[in-house]
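Heads up: the structure comes next, in structure tokens.
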Amino acid sequence: MMPNIVKGSDMGGLLRYLAGPGRANEHTNPTVVAGDIVTLAVYGGRIDVSRATELAKLLDSPRQTVLRGEPVLVTNYREARAKIAEGVPRKEAFEAATRDQNVWHCSLALDPKEGQLDTAKWGEIARRFMEEMAFVDRTDGAPDVRWTAIHHGLTKNKGDHIHIAMAVVRPDGSLADVRRDHPRSQAATATIEREFGLKVLASREDHSTEQATRPDERGRAERVGAPETDREALRRRVRAVATATESEAEFVRELRGAGMVLRPRFGKGGTDEVVGYAIRMPAQKNQKTGAWEKAIWYGGGQLSKDLTLSSMRGWTGWDASEDARTSAVAEWSRPATTRTGRAIGPNVMSEQDAIRQLGRWSQYMSTIPVSDRDAWAKAASQTAGLFAAASVRTETKPGPLDSVSRQLARAGQLPAHRRRPQQVHGQGMRAVARMLWSMQSEAASKVALAVALTECLLAIMDMLAERDRAQAAKMLASHAHRSLTQVHMRAAGIDSTRKTVPVTEVGSPPWAAARRSLAVINREDRQAVEDEVSTSTQGWQAKRIALQGRPGTLPVDELGHVLSAQPWKASKVARAVGPLTPPSGAGKSGPKLPPPGPAPYPGYDPYGHGRGHGRDQGPSR
């Protein structure tokens, strides 16, 4: 279960939205499933916009009657300091960073795979969540807040969820404590997941959460026509560039050269030490109105825990000399909108060299003691950077490679104070990261290189399993399998944007891609798997041709693309036929069909046989 918290000042607007049709008419059957004793007694059950307006007045009544409508002013000190760093006068900066936040809003969403809960169950969950957050049933005598929970159907990605709207002002005029509400909500949902038998997030199991995408971020991406939110775009690019650069100054220059806008956060008392940073994407226009959309600034920690400046200094291996620190401060001190040339030049490393280097990296990681958490955290973060660089160059939006990168980054999260100051690993991965980041083609989608990347994360997966982090290891394997399957599919010529037969269709090209990927994840004999795939593919293609045009079967091409949503129809009477699968009994040895023939796709070398993965070489230095 994922909590997402937003604070505001318009209770009426929020409840009318929750009881209304939604932005895409996705709100169906809005229902009040829980709330304080008065709210539930008067407004429990179905609710429309008119009743939602009345309910909003009830929730806001303590503020209106006891505080005479006074706002609940909250100052964002981080925002104020950032504005001061930009040259805004101190008084104006604090005024701009102070807002009315008398409304507390939290959505609780399930993974779409978990299905749906009935309204009674959601009511119980909402009540327990409010208890765990200490908003109701307090032992210090403070009265319960005014609140409600509304269920109104599925999200756009088909996830069941509820919205909790709460007035910050209690009936006696005191304010509910919303400090550190984000970590408190994570702890509360962890308790609820176990009490109600819901799926426990792997990130929560490892205490390695990352902030969820907010609706306003997704809305902005849609307005500017971007395939991903700014947070997603920046997360991929910052992690990739951090891995590929040799110094902090080069990191700043490369991001600015790639169009990002950066500003530093200096230490107290001067501008000779940079302790943090904020970053945003370049300005973009609304696709419909042509107006410039306001850019969203993110601190490194808002992208990911391992992308704070102190964390990156720990795992990147940047030059830490006095000259390098001076150069970094000078680079940070340039105006936020400074545009520089790209710091990383054209790629000079060949694919074969990258594969050999990745092989040495895999070999080296297998020698790191499981107990050395600092070394493993750095290894996982560096490997995550490789996948991030590959993702930026081959995925127009976050895809399987990005999923692997984020999963690896979670494995690499370690508080900065627990990291050793010296760099444990060699610099071999920087050259590979520079190659992946600077390439202009989809080289990372080549199978041999993707397999070498996958073998690097297998070492980290083994480490997670040995440290009793089974859920995290399982998730990493799942993301890796999906990522590598898509690479195999692209190499085979399968169009991922078109509908294909399922990967469970034994012998079909999508099945072959998934089978080859699984062989890498499970460390199977790849030549034996190639024999299995070749045999099964021949059988599937033979049956596809034999059934072509037969009534009741879907038209499918040789790559498994479904050509029509409607089966072929018989001219007189339709006859039922079996699915497009080889005869039963197909297993690791393949179906009982003619002996293996040539590879299913001419010139297709799925594992880079004969290219040399460098497994017999020592660690990179």
Side-chain angles (χ1 to χ4, degrees), residues 111-113 157-158 391 394-395 397-404 407 445-448 450-451 453-454 457-458 461 474-545 547-548 553-565 567 577-591 593 596 599-601 604-607:
D111 188 301
K113 296 179 182 178
N157 66 350
K158 307 303 180 184
S391 172
T394 65
E395 297 176 333
K397 61 182 180 180
L401 289 170
D402 176 65
S403 295
V404 172
Q407 203 69 28
S445 66
K446 293 181 179 178
V447 173
V451 168
L453 279 167
T454 303
L457 70 84
L458 293 182
M461 190 178 73
K474 181 180 177 181
M475 289 293 293
L476 187 57
S478 175
H479 286 296
H481 183 218
R482 178 167 166 254
S483 171
L484 193 52
T485 296
Q486 287 210 4
V487 171
H488 276 291
M489 290 176 71
R490 285 199 297 268
I494 301 172
D495 186 351
S496 61
T497 64
R498 296 175 59 184
K499 183 178 181 180
T500 64
V501 297
V503 295
T504 54
E505 191 80 39
V506 178
S508 67
W511 170 86
R515 184 69 188 90
R516 288 182 171 113
S517 171
L518 193 62
V520 177
I521 303 300
N522 292 342
R523 298 179 174 91
E524 299 178 60
D525 184 328
R526 295 177 193 168
Q527 188 54 57
V529 171
E530 277 305 298
D531 292 344
E532 173 193 346
V533 168
S534 180
T535 302
S536 299
T537 299
Q538 289 184 41
W540 185 86
Q541 294 288 5
K543 189 167 185 178
R544 180 188 66 84
I545 294 171
L547 294 177
Q548 193 168 9
T553 62
L554 284 173
V556 178
D557 69 12
E558 69 278 4
L559 294 179
H561 299 124
V562 177
L563 302 177
S564 172
V577 296
L580 279 176
T581 55
S584 60
K588 288 192 174 182
S589 60
L593 293 168
Y601 312 107
Y604 177 36
D605 182 12
Y607 298 114

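Only this structure's heavy atoms are used, side chains among them; waters, hydrogens and symmetry mates stay out. FYI, the numbering just counts along the sequence from 1.
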Taking all heavy atoms of [X] and all of [Y], pick out the closest pair and write down the distance.
X	Y	result
V404	L457	CG1-CD2, 3.4 Å
L458	I521	CD2-O, 4.0 Å
A492	L559	O-CD2, 3.6 Å
D495	T500	O-CG2, 4.5 Å
G560	P510	CA-CD, 4.4 Å
W540	V556	CH2-CG1, 3.9 Å

Mind checking side-chain contact (heavy atoms from CB on, under 4.5 Å) for [X] and listing every partner two or more places apart, or none if nothing turns up?
X	result
E395	R236, S391, P400, L401, D402
D525	Q527, A528
S403	H479, R482

As a quick check of understanding, evaluate side chain to side chain contact (heavy atoms under 4.5 Å, CB included) for L563 and R498, giving each step before the final call. CA-CA 9 Å; L563 302 177; R498 296 175 59 184; 3.6 Å; yes
For Q541 and E558, indicate whether the former's side chain and the latter's backbone hold a donor-acceptor pair under 3.5 Å.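 Looks like yes, one N/O pair under 3.5 Å.
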Please check: side-chain N/O of T454 versus main-chain N/O of A450, any donor-acceptor pairing under 3.5 Å?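 It does hold such a pair.
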Separation of [Y] [atom2] from [X] [atom1] (nearest 0.5 Å):
X	Y	atom1	atom2	value
R526	D531	CZ	CG	14.5 Å
L554	K499	CG	NZ	6.5 Å
H488	R516	NE2	CZ	7.0 Å
R544	L547	CZ	CG	10.0 Å
R515	E530	CZ	CD	10.0 Å

Side-chain heavy-atom pair H561, I494 within 4.5 angstrom cut-off: yes
Report the residues that fulfil side-chain hydrogen bond (donor to acceptor under 3.5 Å, both in side chains) with N522, sequence neighbours left out, ordered by chain and then residue number.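 N522 satisfies side-chain hydrogen bond (donor to acceptor under 3.5 Å, both in side chains) with no residue once adjacent residues are dropped.
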